[in-house]
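Numbered from 1 within each chain, the chains take letters A, B, ... in sequence-line order.
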Protein chains: 2
Amino acid sequence: MYAELHQHIKRFVYLSSEEEALLSSLLKSFSFRKKELLLNEGQVCRANYFVVKGCLRMYFIDIKGAEQTIQFAIENWWMSDHTSLQFQNASQFYIQATEATEVIAIEHHQQEELFNKLPKLERYFRLVLQKSHSAAQMRIKYLYSMTGEERYRQFAHLFPEFIQRIPQYMLASYLGFTPEFLSKIRAKK
Amino acid sequence: MYAELHQHIKRFVYLSSEEEALLSSLLKSFSFRKKELLLNEGQVCRANYFVVKGCLRMYFIDIKGAEQTIQFAIENWWMSDHTSLQFQNASQFYIQATEATEVIAIEHHQQEELFNKLPKLERYFRLVLQKSHSAAQMRIKYLYSMTGEERYRQFAHLFPEFIQRIPQYMLASYLGFTPEFLSKIRAKK
DNA sequence: CGCGACGTTGATTTGCCTCAACGATTGTGG
DNA sequence: CCACAATCGTTGAGGCAAATCAACGTCGCG
């Protein structure tokens, strides 16, 4: 059970089979349909989600009513509003399944117990967060040094399969421009 | 010794005085003058730096030759290129002291030993990284939903003392626009 | 004192947004 | 399984926020 997650953890820390069993006892699986919300703005984030299959996105709705995508999580990535999860306060974000998605969840009330019983996981999550933080920094770097068109072309080059998977309006908001503008870039060949 | 750091760690995890002593034995202090570089683009990042007094910034130079500021670190914040530090590969960033700055450093070759001897610190750094990651996400949120002028006014409102401390061209690049534009915003009262 | 770094100001340009109208595709209930 | 609506993508005209470029002012420092 939870094989994909155990596999991923193995890349960073070693867990004995007893430890794996203990971990498994504190996890839950969930399935979400396309467009279903895992977290609503104003709600408290319930869990940290590991994507087994499918795709999640975090977004917010700006002052003009447009959805702006903060990040995506595909297979083997974690997704959560860490601030809301840790301090149990209202989130500013939505988390949504962009397609039918299976996740493994660590819920808030299990989290403390988990880290106390398996301190090795502190290391695992430290390393996972380091990677997420670096990804966010690179994102800022690209926003500050490339035009919208350049960001699209780079993204399409790096993740050709992913752009097939999500609607263009989500990709446009992730890359920091409007759907109309993306459409015009694509029209230029 | 290293009182400021011990103080900061106490906010997140408890360390006995033996543990504090062990930690201290693996730290180093450094002083940097205004404009001095702690990390150069293309170099391997040597350490994770905790700011005791002063201010650091991470930046890169874009294709047009302009410096773009990725983040600042003032007192009680950590600064490092985590990717370069962990994998010991060339960094894409510069880290510079924006004023005379004292730091406490954990160097790469001590890092593993430190985490092995004091696994509690995994938790501390996990929580520190969580905060940094959330800050980077909020940064993206603001870039996607506010104009340059709005970002400046918010920043000036939240950190009135900080805008006195750094040259305007650094603030402009942090907020995502040009020094000329910042000058024009300020001229408008 | 003189030079280089930093900040200001104005004229012009541009990347991208806004709005609107119109196809195409998807999903859903009858 | 079709009809129709809702969602999603495309295209074009016009507008605006901010960049670019250039010239000039000012201040701190060797």
Side-chain angles (χ1 to χ4, degrees), chain A residues 32-37 55 57 59-69 72 94 96-100 140-156 162-189, chain B residues 33-37 55 57 59-69 72 94 96-100 140 142-156 162-189:
Chain A
F32 296 95
R33 311 193 221 176
K34 190 170 179 169
K35 301 213 173 183
E36 204 172 341
L37 289 177
C55 180
R57 71 162 176 149
Y59 68 96
F60 68 98
I61 297 184
D62 71 19
I63 202 164
K64 290 170 195 152
E67 296 179 359
Q68 302 290 350
T69 302
F72 291 107
Y94 299 81
Q96 183 192 45
T98 67
E99 56 189 75
I140 292 171
K141 177 173 178 177
Y142 295 141
L143 283 170
Y144 278 14
S145 58
M146 294 161 80
T147 66
E149 177 163 356
E150 286 166 342
R151 291 197 299 277
Y152 169 73
R153 300 224 182 271
Q154 173 183 262
F155 192 89
F162 186 64
I163 63 170
Q164 319 284 19
R165 241 169 113 169
I166 48 163
Q168 291 192 24
Y169 73 91
M170 287 186 194
L171 180 57
S173 74
Y174 178 77
L175 292 174
F177 45 71
T178 58
E180 291 94 330
F181 185 64
L182 177 51
S183 188
K184 281 162 195 175
I185 292 171
R186 292 171 52 110
K188 293 208 246 173
K189 193 193 91 30
Chain B
R33 310 192 222 177
K34 192 171 177 168
K35 300 214 175 185
E36 204 172 340
L37 289 177
C55 180
R57 70 161 177 150
Y59 68 95
F60 68 99
I61 297 185
D62 71 19
I63 202 164
K64 292 169 194 153
E67 295 179 0
Q68 302 290 352
T69 302
F72 291 106
Y94 299 81
Q96 183 192 46
T98 67
E99 56 189 77
I140 292 170
Y142 295 141
L143 283 170
Y144 279 14
S145 58
M146 295 161 79
T147 66
E149 178 163 355
E150 287 167 342
R151 292 196 299 277
Y152 169 72
R153 302 227 180 266
Q154 173 183 259
F155 192 89
F162 186 64
I163 63 169
Q164 318 286 18
R165 244 169 110 167
I166 47 163
Q168 292 192 25
Y169 73 90
M170 286 186 195
L171 179 58
S173 75
Y174 178 77
L175 292 175
F177 46 72
T178 59
E180 291 94 331
F181 184 63
L182 178 51
S183 189
K184 281 162 196 175
I185 292 171
R186 292 171 54 109
K188 291 208 247 173
K189 193 198 94 28

Rounded to the nearest angstrom, tell me the gap between atom [atom1] in [X] and atom [atom2] in [N].
X: Met170(A); N: dT7(D); atom1: CE; atom2: P; value: 13 Å
X: Leu175(A); N: dC17(C); atom1: CG; atom2: P; value: 11 Å
X: Ile185(B); N: dG7(C); atom1: CD1; atom2: P; value: 14 Å
X: Glu150(A); N: dG15(C); atom1: CD; atom2: C1'; value: 11 Å
X: Lys188(A); N: dG12(D); atom1: NZ; atom2: C1'; value: 15 Å
X: Lys34(A); N: dT7(D); atom1: NZ; atom2: P; value: 13 Å
X: Gln68(A); N: dC16(C); atom1: CD; atom2: C1'; value: 13 Å
X: Ile163(B); N: dG7(C); atom1: CD1; atom2: P; value: 12 Å

**Prompt:** Does Glu149(B) pair with Arg153(B) as a salt bridge, N-O distance under 4.0 Å?
**Reply:** yes

**Message:** Counting the atoms with a prime plus P, OP1 and OP2 as sugar-phosphate, which does Pro167(B) contact under 4.0 Å by heavy atoms, base, sugar-phosphate, or nothing?
**Reply:** sugar-phosphate

**Message:** Between Lys35(B) and dC29(D), is there a contact of a side-chain N or O with OP1 or OP2 at under 4.0 Å?
**Reply:** no

**Prompt:** Which of these passes side-chain contact (heavy atoms from CB on, under 4.5 Å) with Gln96(B): Lys34(B), Lys35(B), Glu36(B)?
**Reply:** Lys35(B)

**Message:** By the definition ring-ring contact (aromatic ring centres under 6.0 Å, His included), identify the one residue from Tyr59(B), Phe155(B), Tyr152(B) that meets it with Tyr174(B).
**Reply:** Phe155(B)

**Asked** Are any side-chain N or O atoms of Thr69(A) and backbone N or O atoms of Ser173(A), one a donor and one an acceptor, separated by less than 3.5 Å?
**Response** no

Are any protein N/O atoms closer than 3.5 Å to N/O atoms in nucleotides 15-20 of chain D? If there are, list each pair with its distance.
from    : atom 1 : to        : atom 2 : distance (Å)
dA18(D) : OP1    : Gly148(B) : N      : 2.6
dA19(D) : OP1    : Thr178(B) : N      : 3.4
dA19(D) : OP2    : Thr178(B) : N      : 3.3
dA19(D) : OP2    : Thr178(B) : OG1    : 3.0
dT20(D) : OP1    : Lys64(B)  : NZ     : 2.8

**Item:** Nucleotide of dC8(D), dG7(C), dG27(C) approaching Tyr169(A) most closely (side-chain heavy atoms)
**Value:** dC8(D)

**Asked** If you round to the nearest 0.5 Å, how far is CZ of Arg186(B) from CZ of Phe181(B)?
**Response** 13.5 Å

**Complete:** In terms of heavy-atom contacts, Glu150(B) and Ser145(B) come closest through OE1-O, 4.3 Å

**Asked** Would Phe162(B) and Cys55(B) count as a side chain to side chain contact (heavy atoms under 4.5 Å, CB included) if you check the C-alpha gap in whole Å, the side-chain angles of each, and the deciding distance to 0.1 Å?
**Response** CA-CA 10 Å; Phe162(B) 186 64; Cys55(B) 180; 3.9 Å; yes

